[in-house]
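A note on names: the letters A, B, ... follow the listed sequences, proteins ahead of strands, and every chain is numbered from 1.
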Number of protein chains: 2
Amino acid sequence: MQPPPATTRADAVFTHLRQRIVEGQVATNTKLSEPELAKEYEISRSTLRDALSRLEGCGLLERKANIGYRVVTLSTSQLLELFRVRESLEGMACRLAAENMTPAQLMELKDLLAQHQKNESLQQGQAYFQQEGDLDFHFLIVLGSANKMLIRLLCEELYYLVRMYRYQFGMASSRAKRAFSEHHNIIQAIEDKDGELAEILMRRHISASRKNVEKRMNTL
Amino acid sequence: MQPPPATTRADAVFTHLRQRIVEGQVATNTKLSEPELAKEYEISRSTLRDALSRLEGCGLLERKANIGYRVVTLSTSQLLELFRVRESLEGMACRLAAENMTPAQLMELKDLLAQHQKNESLQQGQAYFQQEGDLDFHFLIVLGSANKMLIRLLCEELYYLVRMYRYQFGMASSRAKRAFSEHHNIIQAIEDKDGELAEILMRRHISASRKNVEKRMNTL
DNA sequence: AACCCAAAAATTGTCGACAATAGGCGTGTT
DNA sequence: AACACGCCTATTGTCGACAATTTTTGGGTT
């Protein structure tokens, strides 16, 4: 079930660079020098460019003709834009998950929630794990939608951006407790096969996150 | 306001190939031979690969390591998946358009509708123009959302797929008249700055299209 | 000192060739 | 005849070098 261990050099560099960018080891808005990066990875520029073009496809890099690649900038306004996109897409994903999720997938989802509850009762301050766990939760629901296009858009494109924002803005969630209970209600709606409600709850869940960020932004 | 006339060779080939694929001149599910295509366009494989990787980013090509690029297959199930994605994304875009559209953009949108009305009253059977016109309508609304991420997802990725399906499945719309009136109501909601209603109407509009396709599929 | 212009340096775009992998073909065995 | 194995061919992955464009640098003028 693991992703195959990078059959090609470009693939390995792609994966590695993606992690570096997401974790902020390559600062946002940095212009990438192809000769420099190629030398660093000890590959040719062709191979590197292959990797870079894929990163562009993930929305992590931007490219201008005759100028080069640049790491995307994470502005607060774009973060809010991302929330809007997630609200709509994940809302739909949740509706479809309620209709299409297999019992095995649902069980996995409930296990994850139970695990979160344990973790939460053990340690309150582990914002990092909670955040990754939150993303796992959303991930499983998207997979449950059984809509390949939705899965590709969210899991292979937008979620890397989401992780990038979380790493760099590090929003320790004061919302953790409430978010957990929202997760619980969402699962209940899915279990009841109530797609309409599931969508509404997911949209509110993400919208509440967005408003939380907006509020935090305004106080700065 | 035109897109700049393809600064680079790869860009020109990208644009040209994209049109060929969208219009079905390169059949779906075709495996692309890099040497062959490079020879046809009289460019090197490197340049071609640059163009191909961008087409992959548009969702028009799929790539497997050590095997190559292949034109995506358009199945009816994937068409229905695409409708679901559009329903959620364009619903959100329409809500945001109601909030953010500039008066100039709104006027442009109303002009487009008026033009459609003239065309429709003149010639009924011009399904092709009606379809492109329909896409223009949706296009303008997405632009009005003022959400760059939404605009990129819809206008630079999904709409090429939409056009591809329309070319190949050629669904002459028996829904044209109703769709037109739905467009009218959507504009009204936007003009009233009623984002909530605008979203609902757009979702219904796309959902109705989806159901129309589903119905047609079942009769085959 | 600020500005503009030209030459130089560096970077991206493009090319053709070699290496590694996948697919097809023929042979041999059961 | 069907299947398995190994070779051969074709395609993709990777490389280094050249061409075109951009950026920097330096000098000259106002």
Side-chain angles (χ1 to χ4, degrees), chain A residues 2-21 25-73 156, chain B residues 2-21 25-73 156:
Chain A
Q2 303 273 20
T7 63
T8 176
R9 272 166 235 243
D11 209 19
V13 172
F14 163 69
T15 304
H16 193 256
L17 254 179
R18 185 177 61 191
Q19 183 166 351
R20 282 175 66 184
I21 293 172
Q25 294 171 22
V26 183
T28 58
N29 208 19
T30 304
K31 170 158 178 343
L32 300 182
S33 162
E34 293 181 9
E36 197 175 314
L37 267 178
K39 191 175 164 190
E40 182 180 335
Y41 279 106
E42 295 180 336
I43 57 177
S44 78
R45 267 184 60 224
S46 314
T47 305
L48 176 71
R49 281 163 69 87
D50 190 345
L52 294 184
S53 74
R54 280 188 244 180
L55 287 168
E56 187 189 10
C58 291
L60 297 179
L61 297 182
E62 287 170 342
R63 181 186 186 184
K64 282 184 186 171
N66 290 312
I67 294 193
Y69 291 94
R70 175 176 294 273
V71 180
V72 296
T73 60
E156 291 175 25
Chain B
Q2 304 273 19
T7 65
T8 177
R9 272 166 234 246
D11 208 20
V13 172
F14 163 68
T15 305
H16 193 256
L17 254 179
R18 185 177 61 191
Q19 182 165 352
R20 282 175 67 183
I21 293 172
Q25 295 171 21
V26 183
T28 59
N29 209 20
T30 306
K31 170 158 179 338
L32 300 182
S33 163
E34 294 183 8
E36 197 174 314
L37 267 178
K39 192 176 163 190
E40 183 180 336
Y41 280 106
E42 295 180 336
I43 57 176
S44 78
R45 268 184 60 224
S46 313
T47 305
L48 176 71
R49 281 162 70 86
D50 191 344
L52 294 184
S53 74
R54 282 189 241 178
L55 287 168
E56 186 190 11
C58 291
L60 297 178
L61 298 182
E62 288 171 343
R63 182 186 186 182
K64 283 184 185 173
N66 290 313
I67 294 188
Y69 291 93
R70 175 176 294 274
V71 181
V72 295
T73 60
E156 291 176 23

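Within residues 26-37 of chain A, the residues that place at least one heavy atom under 4.0 Å from DNA chain C are, in residue-number order, A:Lys31, A:Leu32, A:Glu34, A:Pro35.
In terms of heavy atoms, A:Leu48 sits closest to A:Ala38 at CD2-N, 3.7 Å.
Residues A:Leu37 and A:Val13 form no side-chain contact, since every pair of their non-hydrogen atoms from C-beta on lies 4.5 Å or further apart. Contact annotation: the side chain of A:Leu32 never approaches that of A:Arg70 to less than 4.5 Å [non-hydrogen atoms, C-beta and beyond]. Side-chain atoms of B:Val71 and B:Lys31, non-hydrogen and from C-beta on, never get closer than 4.5 Å to each other. You'll find the side chain of B:Leu52 stays beyond 4.5 Å of the side chain of B:Phe14, heavy atoms only.
Here the P atom of nucleotide D:dT24 and the CD1 atom of A:Ile67 are 11 Å apart, to the nearest Å.
Residue contacts for A:Ser46: at a heavy-atom cut-off of 4.0 Å it reaches a base atom on one of the strands shown.
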Output side-chain donor-acceptor pairs under 3.5 Å for residues 55-63 of chain B, partner residues at least two apart or in another chain, one line each.
from    : atom 1 : to      : atom 2 : distance (Å)
B:Arg63 : NH1    : A:Asp50 : OD1    : 3.1
B:Arg63 : NH1    : B:Tyr69 : OH     : 3.4
B:Arg63 : NH2    : A:Asp50 : OD2    : 3.0

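For A:Glu36, the CD atom is loosely surrounded, since the number of other residues' heavy atoms within 6.0 Å does not exceed 12.
Heavy-atom contacts of chain B under 4.0 Å fall on DNA chain C between two terminal nucleotides, which in 5' to 3' order are C:dG13 to C:dG23.
A distance of 9.0 Å separates CZ of A:Arg9 from OG of A:Ser44, quoted to the nearest 0.5 Å.
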